Enquirer: 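Got a structure for you, written out below as structure tokens; questions coming shortly.
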Amino acid sequence: MQYLIFNKPYGVLSQFTDEGTGHPTLKAYINVPGVYAAGRLDRDSEGLLLLTDDGSLIKHLTDPKHHVEKTYWVLVEGEPTEEALSRLRNGVKLRGDTTRPAKVRLIPDPGLPPRSKPVTPHGPTAWLEMRLREGKKRQIRHMTAAVGLFTLRLVRVAVGNISLNDLPLGEWRELNPDELRSLKNLG
């Protein structure tokens, strides 16, 4: 079995084929046959992506009933009020459904390298750390928009205790035995 961690750049699809979109895919970065992403990051999101050929682990990590915690750094446009942060923490109503409670806090600028497509805010910005135990399509973007904050940049930095640490953008490595044990015990 193979277990990889990849630091996905902005604009890259979380799959190995572009299906005619013309966007770069994982194939440009990872030459390991038979592995698949355990979950997804949309094209506009960056950061930690786990890949494996272990189908049962992929199912475990992506099955909503396990509520595996994922940590994101989110650059938002606007000034997060305590009311907005409280709404994010308690769950936001999206399309008739309320999101699960999230851990949310303001953080200082994490000093990430510039994105390939520069972020162009039209007002004040702030960084949030958001920890979610669910992962609906574009959920963070919808949650922040619901409280009046526009997501400018979204970077997943951890899944459970597995984190990017100093893995360079566009690079991958194999998980070490401790990380693998931790990953298999999530949820």
Side-chain angles (χ1 to χ4, degrees), residues 1-16 24-54 56-63 66-76 88-89 102-119 125-135 138-141 143-144 151-187:
M1 294 283 175
Q2 298 191 75
Y3 303 92
L4 314 177
I5 181 174
F6 174 58
N7 191 349
K8 185 187 98 57
Y10 173 86
V12 174
L13 299 178
S14 293
Q15 58 198 41
F16 286 91
T25 69
L26 298 176
K27 186 177 183 179
Y29 297 89
I30 302 169
N31 187 19
V32 178
V35 296
Y36 298 93
R40 293 189 174 263
L41 283 174
D42 66 36
R43 182 172 48 99
D44 297 334
S45 299
E46 308 163 66
L48 191 152
L49 194 61
L50 295 169
L51 297 105
T52 183
D53 54 0
D54 183 343
S56 62
L57 181 63
I58 290 174
K59 182 175 178 1
H60 179 80
L61 292 174
T62 58
D63 189 330
H66 294 293
H67 306 298
V68 174
E69 185 176 83
K70 296 171 182 81
T71 305
Y72 301 84
W73 290 342
V74 187
L75 178 63
V76 294
L88 292 170
R89 289 177 186 126
K103 296 175 185 169
V104 181
R105 66 185 182 103
L106 282 165
I107 59 171
D109 184 332
L112 298 172
R115 200 173 70 177
S116 60
K117 179 182 177 189
V119 174
T125 63
W127 281 95
L128 302 176
E129 179 182 84
M130 296 182 69
R131 294 174 182 252
L132 304 181
R133 291 189 174 270
E134 64 185 342
R138 299 181 72 82
Q139 179 173 340
I140 288 177
R141 295 175 195 283
M143 288 176 71
T144 59
T151 294
L152 299 172
R153 191 171 183 188
L154 178 60
V155 182
R156 181 162 55 203
V157 295
V159 173
N161 293 329
I162 311 299
S163 63
L164 284 175
N165 293 326
D166 56 0
L167 184 64
L169 187 65
E171 298 291 325
W172 65 272
R173 66 171 175 79
E174 293 185 11
L175 293 179
N176 67 44
D178 289 339
E179 290 171 322
L180 185 54
R181 259 190 306 283
S182 172
L183 196 58
K184 289 186 173 191
N185 290 325
L186 289 175

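Keep in mind it's a predicted model, so treat the numbers as computed, not measured.
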Enquirer: Indicate yes or no: at least one non-hydrogen side-chain atom of V76 is less than 4.5 angstrom from one of T125.
Expert: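 No. Closest side-chain heavy atoms not under 4.5 Å.
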Enquirer: Run through V155, I107, T151 and flag the one making a side chain to side chain contact (heavy atoms under 4.5 Å, CB included) with V74.
Expert: T151
Enquirer: When you compare the side chain of L51 with that of W172, does any pair of heavy atoms fall below 4.5 Å?
Expert: no
Enquirer: Could you pull out all residues at least two apart from R115 that satisfy salt bridge (charged side-chain N to carboxylate O under 4.0 Å, His left out)?
Expert: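 With sequence neighbours excluded, R115 shows a salt bridge (charged side-chain N to carboxylate O under 4.0 Å, His left out) to no residue whatsoever.
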Enquirer: I'd like to check the side-chain contact (heavy atoms from CB on, under 4.5 Å) partners of R131; sequence neighbours left out, ordered by chain and number.
Expert: E69, T71, K103, E129
Enquirer: Is there side-chain contact between L106 and L128, with heavy atoms separated by less than 4.5 Å?
Expert: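 In contact.
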Enquirer: Under 6.0 Å from the CD atom of E174, do we count more than 12 heavy atoms belonging to anything else shown?
Expert: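 12 or below, so no.
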Enquirer: What closest approach, in Å, do S116 and P118 show between heavy atoms, and which atom pair accounts for it?
Expert: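 Nearest heavy atoms, S116 then P118: O-CD, 3.6 Å.
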Enquirer: Apply side-chain contact (heavy atoms from CB on, under 4.5 Å) to P24 and list each qualifying residue two or more places apart in sequence or on a separate chain.
Expert: V12
Enquirer: Counting only heavy atoms from other residues, nucleotides and ligands, does the tally under 6.0 Å from CG of N161 exceed 12?
Expert: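 No, the 6.0 Å shell around CG holds no more than 12 heavy atoms from other groups.
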Enquirer: So for atom CG, which belongs to D109, do other residues, nucleotides or ligands contribute more than 12 heavy atoms lying within a distance under 6.0 Å?
Expert: yes
Enquirer: Using the salt bridge (charged side-chain N to carboxylate O under 4.0 Å, His left out) definition, which of the options R153, K8, R156 pairs with E46?
Expert: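 Of R153, K8, R156, salt bridge (charged side-chain N to carboxylate O under 4.0 Å, His left out) with E46 is met by R153 alone.
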Enquirer: Taking the side chain as every heavy atom from C-beta outward, state whether L154 and D44 have any atom pair closer than 4.5 Å.
Expert: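 Side-chain contact under 4.5 Å: no.
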Enquirer: Considering only heavy atoms from C-beta outward, does the side chain of V159 approach that of K70 to under 4.5 Å?
Expert: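 With C-beta onward as the side chain, the pair touches.
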Enquirer: Tell me, do T144 and M130 make a side-chain contact under 4.5 Å, heavy atoms counted?
Expert: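 Heavy-atom side-chain distance check passes, below 4.5 Å.
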Enquirer: Can you name the side-chain contact (heavy atoms from CB on, under 4.5 Å) partners of N7, sequence neighbours left out?
Expert: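 side-chain contact (heavy atoms from CB on, under 4.5 Å) list for N7, sorted by chain: L164, L167, L169.
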Enquirer: Output all residues satisfying side-chain contact (heavy atoms from CB on, under 4.5 Å) with K59, sequence neighbours left out; order by chain, then residue number.
Expert: D63
Enquirer: Over all heavy atoms of both residues, which pair between P108 and W127 is shortest? Give the atoms and the distance, please.
Expert: O-CB, 4.2 Å
Enquirer: Give every donor-acceptor pair under 3.5 Å between a side-chain atom in residues 29-38 and any protein atom, sequence neighbours left out.
Expert:
none

Enquirer: Would the distance check show the side chain of S14 and the main-chain N or O of L41 forming a donor-acceptor pair, the cut-off being under 3.5 Å?
Expert: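 The answer is yes, because a donor-acceptor pair under 3.5 Å joins these two groups.
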